[in-house]
2 protein chains.
Amino acid sequence: MSQAAADNRNSPDTRERILDAAEWLFAEHGFDGTSMRQITSQASVNLAAVNYHFGSKEALFHEVFHRRLNQLNLLRLQELDKLEQEAGEAPLKPSQVLEGFFGPALEMAADTTHGGHTFMRLLGRTYTEPAEFVRKFMAEEYAEVMERYTVALYRSLPDVPRAEIVWRLHFMMGAVSYAISGIDALALVTGRFDDDPALLKPRLTSFLLGGLRAPLPEQVTNAVKGEK
Amino acid sequence: MSQAAADNRNSPDTRERILDAAEWLFAEHGFDGTSMRQITSQASVNLAAVNYHFGSKEALFHEVFHRRLNQLNLLRLQELDKLEQEAGEAPLKPSQVLEGFFGPALEMAADTTHGGHTFMRLLGRTYTEPAEFVRKFMAEEYAEVMERYTVALYRSLPDVPRAEIVWRLHFMMGAVSYAISGIDALALVTGRFDDDPALLKPRLTSFLLGGLRAPLPEQVTNAVKGEK
DNA sequence: ATTGCAATCAAACGTTCGTTTGAATGCTAA
DNA sequence: TTAGCATTCAAACGAACGTTTGATTGCAAT
């Protein structure tokens, strides 16, 4: 083939520099709020480099996402594989499912030196991202993990209606997302809290478990009759 | 003074039409993703009308927010006033505080005919909004309500460390915000759920109460000694 | 009738946007 | 040494952006 493409990794680091700069800027200012000139300037590359290496701004955004979301998905699936293997036929405990799902995300969010934290902030914001093409590939790249974990949650809570479980998973993702991405936002609102960030994970897991195992609301209990 | 300004309500409806159109477009495409031309076109007004009536795009965004957030703040404070008056000296129950805080928000979110739903979607997204000026006035307009409700929560949970309460309030706001603003986003991920939207409020309150009253994580219990 | 002013309008302002172009650069393989 | 090709670069593209301008409209008070 071509010369530098021997290891399929053209251009020693300008691709990576672009991805890192874009990741940070997208997290900081959003997709529409970040310009190509900001990205290439912060990455110290030529303006045309993004279009040369990635094709377009949208494709760059997608690649920024894919790079780390892929890793996160792998970690989550590995955790679940391990847990299910250890459990054999038995259903997992809800706390185990949560640990498998949110553990890797929180650990990635705690990594402030390799961009993991930046990416998790970006991920949290992107759930509510308006842009159409973002929703599209988010759903695609999330599909397998969400499918496996919802099934695992169903099994771990056999007496809880499935719709309720889906909702609570939704609520939990919201809580985690805010905890990760919106810390400074809340600090503005409630006054700063000079607090040990290492305590975030135990705080969150305790809260999430409490919510997940909360008694069903009356209206739902009454409405559900013949559901499995 | 001037003629039409007799009731301080110039121009029968073009201001309102602009605000409504902007509210929807900002919720749908974000601040940077919405253009003046989209707004004025959807409102069927001249392009210059926004700058004439509001001064700038940022000022328009601020006004879109102020219009409804003011109402939401009033409702929340009224609820709290009523609850505290009924309780006399006694602290409120946590469920009451949550009802006062999230009740008005959820009711506003359920109002799909007067723009309340649209605004709550916008509000949810704006917590994670990158733009600086947005954070600024969000914090200002939220300050009083947050102050009063955190104090009420402190009193309702006297044995829980205050830092923990603030965190859990944060988590709860995340869950609610997602529940309101990201419904379609999650639908993409987990498959649609054809579900009664009237059940959202009981579902949420149950989940939130479970999380709020969850046992403290060990690490926190161990770390806290002399705190009130 | 006429004056005054709030409101609306079409048109243009200068700037910034994402993207494209075509030439220069530098390394690799022949 | 030379040919080939991936990469970088300065420059420019047309389009869209938020905002401003100056004329026009239409009603209310004189």
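Chain A is the first sequence line, chain B the second, and so forth, proteins listed ahead of strands; every chain is numbered from 1.
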Undergrad: For Phe119(B), run the ring pair (Phe, Tyr, Trp, His ring centres under 6.0 Å) check against Phe65(B), Trp24(B), Phe26(B) and tell me which one passes.
TA: Phe65(B)
Undergrad: Sequence neighbours left out, cut at 3.5 Å: what donor-acceptor pairs do the side chains of residues 40-47 of chain B make with other protein atoms?
TA:
residue: Thr40(B); atom: OG1; partner: Met36(B); partner atom: O; Å: 2.9
residue: Thr40(B); atom: OG1; partner: Arg37(B); partner atom: O; Å: 3.4
residue: Asn46(B); atom: OD1; partner: Ala48(B); partner atom: N; Å: 2.9

Undergrad: One character per nucleotide, please: for nucleotides 17-24 of chain C, 5' to 3', B when the base has a protein heavy atom closer than 4.0 Å, S when only the sugar-phosphate does, - otherwise.
TA: BBBBB---
Undergrad: When you measure from the centre of the six-membered ring of Tyr154(B), is the NZ or CZ of Arg162(B) under 6.0 Å away and within 45° of the axis?
TA: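 Yes, Arg162(B) lies over the aromatic ring of Tyr154(B).
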Undergrad: Mind calculating the distance between CG (Leu25(B)) and P (dC17(D)) to the nearest angstrom?
TA: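 These atoms are roughly 12 Å apart.
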Undergrad: How many angstroms lie between CD1 in Ile165(A) and CG in Leu212(A), if you round to the nearest 0.5 Å?
TA: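 Ile165(A) CD1 to Leu212(A) CG: 7.5 Å, rounded to 0.5 Å.
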Undergrad: Can you sort out the partners of Asp32(B) under salt bridge (charged side-chain N to carboxylate O under 4.0 Å, His left out), two or more places apart, ordered by chain and number?
TA: none
Undergrad: Would you say Thr14(A) reaches dT7(D)'s phosphate, i.e. side-chain N/O to OP1/OP2 under 4.0 Å?
TA: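 So the side-chain polar atoms of Thr14(A) never come under 4.0 Å of the phosphate oxygens OP1 or OP2 of dT7(D).
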Undergrad: Below 4.5 Å, heavy atoms only, C-beta onward: do Lys201(A) and Glu99(A) meet side chain to side chain?
TA: yes
Undergrad: Excluding sequence neighbours, so at least two apart, what forms side chain to side chain contact (heavy atoms under 4.5 Å, CB included) with Ser95(B)?
TA: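 For Ser95(B), the residues satisfying side chain to side chain contact (heavy atoms under 4.5 Å, CB included) (neighbours in sequence not counted) are Lys93(B), Leu209(B).
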Undergrad: For the helix from dA1(C)-dT30(D) to dC27(C)-dG4(D), how many degrees between its two end axes (five pairs per end), to the nearest 10°?
TA: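 So the angle between the two local helix axes works out to 0°.
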Undergrad: Considering residues at least two apart in sequence or located in another chain, which fulfil the salt bridge (charged side-chain N to carboxylate O under 4.0 Å, His left out) criterion with Asp81(B)?
TA: Arg148(B)
Undergrad: Any side-chain N or O of His53(A) less than 4.0 Å from the OP1 or OP2 oxygen of dA6(D)?
TA: no
